[in-house]
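The residues of the chain are indexed from 1 along the displayed sequence. Source: prediction; values computed, not measured.
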Amino acid sequence: MTSNSNERLKKPQPVDVVIVGAGATGGTVAKVLAERGLTVVGLERGPWLRPEEHFSGDEIKFVNREYLSPDPKLSPRTVRHGEESTAELFPFSPTPQMVGGGTVHWAGWFPRPMPSDFIQRSLHGNLDGANLADWPFTYDELEPYLTKVEWAFGCAGLAGANRNEPPRSKGYPTPPLPPTAFGMKFYEACKKLDLNGFPLPHALVSKPYRGRQPANNTGFWNQYGDPTTMRSTTLTSFIPEAIATGRYELRADAYVREVTVTKEGRAKGVVYIDSQGREVEQEASVVILCQGAIESARLLLLSKSNLFPDGLANSSGLVGKNATFHEVLYATGLFDDEIHDPLFGFSGNFISGGTFDFYETDESRGHIGGCLVATMQAGQPTNWIYPGRPSWGQAAKDADRDYYNHSMVMGLILHDMPVESNRVDLDPDVRDPWGLPVARITHRPHPNDVHMGEWQVNKNMEILAAAGARTLIPSRLEKSTGNTCHQHGTARMGHDPASSVLNSWGRTHDVENLFVLDGSGFPTSTGVNPTLTMMANAWRCSEYIATQYADSKKRTSTAMGV
């Protein structure tokens with residue numbers, strides 16, 4: 001390689017936009033901006049895998065060996081449960097770090113948020129020990145973008161089946177999957193209990209759609225990579241569409257270590273380490289972070305300078321704070337094999353029916369808020385969910401033989417409360433292989449979280465009992481487990497720069513050309529899986545960026561007499 005090409009490699013030509021992260025939101029932003037005519041570079045820390053080559057239904061590879069999870073040696077994190085605790089290494093919230101991000105391994109729950117999710121402060125006022133805030137926009141303002149994502153990304157559902165469904169401008173592009181055997185048990189229980197069970201929206205296609213084909217449905221789904229085009233992922237949809245414009249360049253295995261700024265305090269670009277270990281500076285007119293709420297907060301805190309000694313865009317002191325993570329809790333039901341036909345959890349799909357009947361606040365329950373409840377398979381043969389299941393020997397074999405095909409789970413997405421002391425910061429002692437401080441998560445469940453989880457798990461056991469389960473096994477929330485890949489709140493949106501990091505368009509209050517468009521901006525978590533909401537907000541903000549950038553270029557050209 002010549003010295004000239006070497007120099008170009010270290011500092012490529014500036015572009016309109018650089019996006020850090022190529023997951024759910026990074027892929028969405030890339031598609032919208034490239035299709036609107038901007039030149040875009042995407043930087044992804046992890047690899048660019050090929051579904052047909054790297055993905056399969058191999059349970060040992062994907063579940064036991066965690067093929068899609070971040071390597072804890074390359075991407076370590078530490079966790080503590082309070083200021084008084086010592087942080088320990090732990091793979092907290094292991095969202096895949098690769099092209100496609102969490103959409104590569106997800107089960108594909110794709111429900112919409114509820115209007116109440118956007119006005120928690122207005123609804124509930126002060127909650128002792130929590131830091132509730134309203135969002136700077138409403139459900140109605142986001143609704144058109146929820147629809148855009150559903151139809152461009154591809155999903156399956158049945159409009160109107162949820163009697164609690166908020167207004168929607170359009171139905172679903174493909175119909176829901178048929179109910180599984182355990183889904184039918186759930187619907188039977190809902191009928192007995194007068195609950196509104198309905199097919200949960202899935203991020204997949206159930207009929208030919210936009211050149212994609214549905215595949216043989218299988219319960220080998222959650223935590224796996226899909227080798228077909230059935231599941232919706234940005235790896236196989238939005239990112240290829242952005243590349244097809246000719247205006248989006250994606251660079252994988254690019255570890256961004258700093259957002260650089262000009263002497264005037266504008267974002268200049270980013271510095272990253274490429275796959276060859278070389279340091280590269282990519283300049284851009286607009287910098288957008290889409291790494292997830294943990295790593296985006298970490299990058300802002302790492303990007304210190306004389307202008308920003310406490311971390312970039314952190315004049316409020318709130319970067320990293322108010323972190324929420326959606327604990328996944330559940331109850332498992334075991335059915336008598338002499339009475340009930342096998343449920344065959346490995347067939348159909350990972351999830352089936354759900355209900356929103358427990359979503360809104362009911363003061364008689366003793367807590368505020370509520371959440372989505374869903375039925376799902378108890379897991380794969382080697383790793384099925386049976387709390388207390390013997391781990392080896394004849395007892396393990398007997399449990400598998402007697403219960404695996406006669407079990408199901410009622411799970412919930414815990415709507416956890418934002419607490420300012422629940423946060424992401426830089427670990428003072430632990431560094432990654434590049435010598436940079438790792439993310440330290442400090443998190444303790446709010447009492448409302450514990451009470452909600454307890455109440456809802458008990459209700460889920462009632463549903464299982466009505467379905468005919470003879471043995472009920474609950475899971476309980478005792479401490480933060482990090483068992484979810486949902487991350488929100490570390491750079492919350494708001495109108496007041498003193499109490500928020502971002503404005504309503506995801507732009508940092510402190511740096512006018514720096515945006516954070518992942519779940520970091522959520523002022524509060526929701527009671528549903530957050531990916532659709534994150535993607536819709538990223539689409540919404542990207543249209544704003546494209547319009548504002550185009551107007552800015554036009555004004556500049558006019559001023560110069562061009």
Side-chain angles (χ1 to χ4, degrees), residues 23-33 35-36 101-103 106-120 134-176 198-206 209-210 231-234 237-238 241 290 326 351 354 356 359-360 371-372 374 413 415 486 488 493 504-506 517-546:
T25 58
T28 302
V29 174
K31 170 187 167 65
V32 174
L33 295 184
E35 289 180 348
R36 293 287 293 265
T103 66
W106 65 344
W109 303 31
F110 216 51
R112 289 187 169 201
M114 296 292 282
S116 60
D117 288 321
F118 299 81
I119 52 172
Q120 290 291 296
D134 289 343
W135 292 44
F137 53 86
T138 65
Y139 171 87
D140 289 339
E141 292 174 272
L142 189 64
E143 196 283 330
Y145 301 96
L146 295 167
T147 298
K148 286 184 179 184
V149 173
E150 288 170 344
W151 282 79
F153 197 45
C155 65
L158 182 61
N162 173 11
R163 67 185 177 193
N164 303 288
E165 185 174 58
R168 58 183 305 125
S169 55
K170 200 173 183 180
Y172 288 94
T174 68
F198 67 95
L200 280 181
H202 269 75
L204 54 78
V205 296
S206 59
Y209 184 71
R210 293 173 64 93
R231 181 194 290 169
S232 298
T233 77
T234 54
S237 60
F238 285 1
E241 290 166 13
C290 294
H326 272 175
I351 56 172
F356 273 64
Y359 202 92
E360 304 298 345
C371 56
L372 167 64
I413 302 298
H415 187 169
H486 303 173
H488 347 80
M493 295 180 286
S504 62
W505 299 106
L517 299 184
D518 50 32
S520 304
F522 283 26
T524 56
S525 74
T526 63
V528 294
N529 309 64
T531 307
L532 173 59
T533 305
M534 291 193 301
M535 295 173 75
N537 183 56
W539 193 308
R540 167 184 163 272
C541 295
S542 295
E543 287 193 355
Y544 167 84
I545 292 168

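- When atom types are taken as modelled, the side chain of Thr233 and the backbone of Thr103 share no donor-acceptor pair closer than 3.5 angstrom.
- Among residue pairs with one or both ends in residues 523-535, none qualify as salt bridge (Lys or Arg N to Asp or Glu O under 4.0 Å); sequence neighbours excluded.
- Side chain of Trp151 to main chain of Gly171: a donor-acceptor pair is present (N/O by atom type, distance under 3.5 Å, no hydrogens or angles).
- Side-chain contact of Asp140 with Thr138: a donor-acceptor pair under 3.5 Å is absent, judged by distance alone.
- Here the side chain of Ser504 pairs no donor or acceptor atom with the backbone of Pro136 at under 3.5 angstrom.
- Trp539 CH2 to Lys31 NZ: the interatomic distance, rounded to the nearest 0.5 Å, is 5.0 Å.
- Side chain of Tyr145 to main chain of Ala538: no donor-acceptor pair is present (N/O by atom type, distance under 3.5 Å, no hydrogens or angles).
- Between Ser116 and Glu360 the shortest heavy-atom distance is OG-OE1, 2.8 Å.
- For the pair Tyr139 and Met114, the minimum side-chain heavy-atom distance is 4.5 Å or more.
- To the nearest 0.5 Å, atoms CD (Glu141) and CG (Leu146) are separated by 12.0 Å.
- In this structure, Ser232 contributes its side chain and Cys155 its backbone to no donor-acceptor pair below 3.5 Å.
- Of the possible donor and acceptor atoms, none in the side chain of Ser237 sits under 3.5 Å from a partner among the backbone N and O of Phe153.
- Contact annotation: the side chain of Leu200 approaches that of Leu372 to within less than 4.5 Å [non-hydrogen atoms, C-beta and beyond].
- Considering every non-hydrogen atom in both Thr234 and Ala24, the closest pair reads CG2-O, 3.7 Å.
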**Report entry** side chain to side chain donor-acceptor pair (under 3.5 Å) between Arg112 and Thr147, worked out
**Finding:** CA-CA 10 Å; Arg112 289 187 169 201; Thr147 298; 2.8 Å; yes
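- Considering only heavy atoms from C-beta on, Arg540 comes within 4.5 Å of Trp505 through its side chain.
- Between Phe356 and Tyr359, the two ring planes are parallel [angle under 30°; tilted spans 30° to 60°].
- When all heavy atoms of Ala203 and Trp106 are compared, the closest pair comes out as CB-CZ2, 3.3 Å.
- Ring-plane geometry between His326 and His488 is classed as perpendicular, the angle between the planes exceeding 60 degrees on a 0 to 90 degree scale with a lower cut at 30.
- Evaluation of the side-chain hydrogen bond (donor to acceptor under 3.5 Å, both in side chains) test over residues 525-535, restricted to residues two or more places apart or in two chains, returns Asp416-Ser525.
- Taking the side chain as every heavy atom from C-beta outward, Ile413 and His486 approach each other to under 4.5 Å.
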Query raised in the report: Stepwise, does the side chain to side chain contact (heavy atoms under 4.5 Å, CB included) test hold for Ile545 with Val29?
Result: CA-CA 10 Å; Ile545 292 168; Val29 174; 5.8 Å; no
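- Across every non-hydrogen atom of Pro201 and Tyr172, the tightest pair is CG-OH, 3.3 Å.
- Atoms CE and OG1, from Met535 and Thr28 in turn, are 3.5 Å apart once rounded to the nearest 0.5 Å.
- Heavy atoms only, all atoms of each residue included: Ser542 and Leu517 are closest at OG-CD1, 4.2 Å.
- Nearest heavy-atom pair across Gly527 and Asp117 is N-OD1, 3.7 Å.
- Listed by first and then second residue, the salt bridge (Lys or Arg N to Asp or Glu O under 4.0 Å) pairs involving residues 522-536 amount to none (not counting sequence neighbours).
- The line from NZ of Lys148 to CD of Glu143 is 11.0 Å long, rounded to the nearest 0.5 Å.
- Within the 4.5 Å cutoff, the side chain of Thr174 has no heavy atoms near those of the His202 side chain.
- The shortest distance between side-chain heavy atoms of Phe137 and Asn537 falls below 4.5 Å.
- Glu150 and Arg168 are joined by a salt bridge, as a carboxylate oxygen and a charged side-chain nitrogen come within less than 4.0 angstrom of each other.
- Atom CG of Leu142 is separated from atom CG of Leu532 by 8.0 Å, given to the nearest 0.5 angstrom.
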